Amino acid sequence: MHASPLPDPHSQPAFYSDVPMKRLLAWILDSVLTFVICLLILPFTAFTGLLFFPFLMLIVGFAYRVVTIANGSATWGMRFFAIELRDAQGDRFDLTGAFLHTMGFSISLAIFPLQIISIVLMLITQRAQGLTDHIMGSVVINRSARN
């Protein structure tokens with residue numbers, strides 16, 4: 001058995017310190033940013049976007065997450081709270097990884113029991129991984145702790 005390329009939670013705990021709380025705060029900030037972006041889009045829809053605003057939030061939020069994660073391995077909320085995603089090899093996310101992680105995140109939000117499982121996993125696992133992270137082998141780490 002070989003060592004994982006991801007930081008070890010026992011010998012390098014700074015990588016995972018406070019990550020669940022930072023993820024929650026980043027999610028709140030990202031949700032607010034998505035809402036503001038949708039409000040800015042509304043005039044360009046002649047305000048008919050109000051009729052399908054939840055769907056607009058879903059589409060804009062999905063695109064926002066994919067683009068920001070693909071371009072820096074973190075959403076703007078994650079960057080603000082100094083955390084970033086790493087794939088199973090310890091590398092930053094590319095477009096495919098960003099899309100797959102966002103798809104898993106979206107599915108877990110849509111199916112409430114999966115979101116509860118994801119939250120519990122973030123709170124009890126050594127690397128604070130959510131359900132999508134477990135499936136993909138990814139982690140969220142503190143940016144300031146990386147080499």
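It should be emphasised that the depicted structure is a prediction, and the values quoted were computed from it without experimental measurement. Numbers here are sequence positions counted from 1. FYI, side chains are in, hydrogens and waters are out, and symmetry mates aren't considered; it's all heavy atoms of this structure.
- Judged by distance alone, the side chain of Glu84 and the main-chain N or O of Met78 form no donor-acceptor pair under 3.5 Å.
- Checking side-chain atoms of Ser73 against main-chain N and O of Phe93 turns up a donor-acceptor pair under 3.5 Å.
- For Ser138 against Thr132, the heavy-atom pair with the smallest separation is OG-O, 4.4 Å.
- Using modelled atom types, no side-chain atom of Arg127 and backbone atom of Ile141 make a donor-acceptor pair closer than 3.5 Å.
- Of the inter-residue distances, the one linking Thr68 atom OG1 with Arg79 atom CZ reads 6.0 Å to the nearest 0.5 angstrom.
- Under the 4.5 Å side-chain heavy-atom criterion for Ile, Leu, Val, Met, Phe, Trp and Tyr, Phe112 and Leu109 are members of distinct hydrophobic clusters.
- Residues Phe55 and Ile37 share a hydrophobic cluster, clusters being chains of Ile/Leu/Val/Met/Phe/Trp/Tyr side chains in contact below 4.5 Å.
- In the hydrophobic cluster analysis, where Ile, Leu, Val, Met, Phe, Trp and Tyr join through side-chain heavy atoms closer than 4.5 angstrom, Leu114 is grouped together with Met103.
- If you take OG1 on Thr45 and CG on Leu51, they are separated by 8.5 Å, rounding to the nearest 0.5 Å.
- In Phe80, the CZ atom is not crowded: 12 or fewer heavy atoms of neighbouring residues, nucleotides or ligands sit closer than 6.0 Å.
- When the side chains of ILVMFWY residues are joined at heavy-atom separations under 4.5 Å, either directly or via intervening members, Leu39 and Val60 end up in a single hydrophobic cluster.
- Side chains of Met122 and Gln129 form no contact here, defined as non-hydrogen atoms less than 4.5 Å apart.
- The shortest non-hydrogen separation linking Gly77 to Tyr64 is N-OH, 3.7 Å.
- Here the CD1-CG distance, from Ile135 to Leu131, works out to 4.0 Å after rounding to the nearest 0.5 Å.
- Contact annotation: the side chain of Ile69 approaches that of Thr75 to within less than 4.5 Å [non-hydrogen atoms, C-beta and beyond].
- Going from atom CG of Leu50 over to atom CG of Leu56 covers 9.5 Å, rounded to the nearest 0.5 Å.
- Using a distance-only test at 3.5 Å, with no hydrogens or angles considered, no donor-acceptor pair links the side chain of Tyr16 to the main chain of Val139.
- Remark: Phe81 engages no residue in a ring pair (Phe, Tyr, Trp, His ring centres under 6.0 Å) (not counting sequence neighbours).
- If you take CD1 on Ile124 and CD1 on Ile119, they are separated by 12.5 Å, rounding to the nearest 0.5 Å.
- For the pair Asp91 (side chain) and Asp87 (backbone), a donor-acceptor distance under 3.5 Å is absent.
- Checking side-chain atoms of Asn142 against main-chain N and O of Ser144 turns up no donor-acceptor pair under 3.5 Å.
- A 4.5 Å side-chain heavy-atom check between Phe62 and Val66 finds at least one atom pair inside the cut-off.
- Distance NE2/His101 to OG1/Thr96: 14.0 Å, rounded to 0.5 Å.
- Without hydrogens or angle criteria, Thr102 side chain to Phe99 main chain gives no donor-acceptor distance under 3.5 Å.
- Smallest separation of non-hydrogen atoms from Pro5 and Ala88: CG-O, 3.2 Å.
- Side-chain contact between Val19 and Lys22 is absent, with no heavy-atom pair separated by less than 4.5 Å.
- Linking Ile, Leu, Val, Met, Phe, Trp and Tyr whenever their side-chain heavy atoms come within less than 4.5 Å leaves Ile83 and Leu25 in two separate clusters.
- You'll find the side chain of His10 reaches within 4.5 Å of the side chain of Gln126, heavy atoms only.
- The two residues Ser118 and Gly130 come nearest to each other via the heavy atoms OG-CA, 3.4 Å.
- A heavy-atom distance below 4.5 Å is found between the side chains of Met57 and Thr34.
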